[in-house]
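Here's the structure we're looking at; comments come further down.
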Amino acid sequence: MGANHWILMHYPALTAIKARAPVLGGNFGVWGGMFSTFDCAVKGVRKKEDPWNAIIAGFFTGGALAVRGGPKAIRNGAIGCAILLAVIEGVGIGFQRMMAENTRLEMPPPPPSETGGSMGSEGRLAAA
């Protein structure tokens with residue numbers, strides 16, 4: 001039985017995957033192109049580079065891709081895509097902070113103060 005049995009059992013699934021791969025790749029390409037376009041447009045309008053740009057661009061992308069489904073689909077697509085991008089941005093920020101803590105430099109301890117001389121214990125000149 002071995003490898004031939006596995007191939008014969010899973011051949012229909014592999015055929016379906018091969019047939020759908022170009023469609024899924026094309027959909028991802030359309031999503032990526034629209035997102036990049038909206039992201040650049042949002043950066044140009046806001047004149048800022050922050051995580052809100054990706055969230056807003058995700059909102060517009062999700063809405064634009066759902067236009068054929070009507071107003072409810074636009075709303076749901078926009079909100080869903082914005083939430084997805086917010087989660088992705090949040091996880092990215094969390095990882096950045098976590099990694100930054102590992103590389104944070106610690107301040108060296110201050111040099112020991114000199115207690116000798118004419119200074120008193122409170123830092124004033126000692127009475128003679």
Side-chain angles (χ1 to χ4, degrees):
M1 281 208 198
N4 288 337
H5 177 70
W6 188 90
I7 291 172
L8 291 175
M9 291 298 295
H10 295 93
Y11 186 75
L14 293 173
T15 304
I17 290 170
K18 282 198 246 182
R20 293 283 300 156
V23 174
L24 293 174
N27 289 344
F28 185 74
V30 168
W31 188 93
M34 288 185 81
F35 176 78
S36 295
T37 302
F38 282 125
D39 194 37
C40 288
V42 170
K43 286 177 192 172
V45 170
R46 293 185 70 227
K47 307 276 191 270
K48 286 183 181 180
E49 181 74 42
D50 62 3
W52 283 104
N53 291 345
I55 296 167
I56 295 167
F59 180 85
F60 289 141
T61 301
L65 289 174
V67 162
R68 291 189 289 170
K72 285 184 181 180
I74 293 171
R75 180 197 65 210
N76 294 343
I79 292 171
C81 202
I83 289 172
L84 173 69
L85 267 295
V87 168
I88 291 170
E89 289 292 320
V91 169
I93 291 169
F95 272 114
Q96 275 183 328
R97 288 187 180 167
M98 184 177 67
M99 293 302 173
E101 287 177 8
N102 292 338
T103 59
R104 184 174 294 153
L105 297 175
E106 293 187 23
M107 295 290 294
S113 61
E114 296 181 23
T115 56
S118 61
M119 299 295 279
S121 62
E122 289 135 18
R124 291 179 273 156
L125 289 174

Met98 atom CE, over 12 foreign heavy atoms within 6.0 Å: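 Yes, because the 6.0 Å sphere around CE of Met98 holds more than 12 heavy atoms from other groups.
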So which atom in [X] and which in [Y] form the shortest heavy-atom distance, rounded to 0.1 Å?
X: Ile93; Y: Pro51; answer: CD1-CG, 3.6 Å
X: Ala54; Y: Leu85; answer: O-CG, 3.7 Å
X: Gly62; Y: Cys81; answer: CA-CB, 3.7 Å
X: Lys18; Y: Pro22; answer: O-CD, 3.4 Å

Spacing of Thr61 atom OG1 and Leu65 atom CG [to the nearest 0.5 Å]: 6.5 Å
Transitive ILVMFWY cluster of Val67, excluding itself - 4.5 Å side-chain cut-off: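 Cluster partners of Val67: Ile74.
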Same apolar cluster (I L V M F W Y, side chains within < 4.5 Å links), Phe38/Ile79: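 As far as the 4.5 Å side-chain criterion goes, Ile79 and Phe38 are connected within one cluster.
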Shared hydrophobic cluster for Phe59 and Ile83 (ILVMFWY, side-chain gaps under 4.5 Å):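 The answer is yes; both residues are in one hydrophobic cluster.
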Non-hydrogen side-chain atoms of Val23 and Arg20 separated by less than 4.5 Å: yes
Side-chain donor-acceptor contacts of residues 24-37 below 3.5 Å, not counting sequence neighbours, with atom names and distances?
residue : atom : partner : partner atom : Å
Ser36   : OG   : Gly32   : O            : 3.0
Thr37   : OG1  : Gly33   : O            : 2.8

Set of residues satisfying side chain to side chain donor-acceptor pair (under 3.5 Å) with respect to Arg46, sequence neighbours excluded: Asp50, Asn53
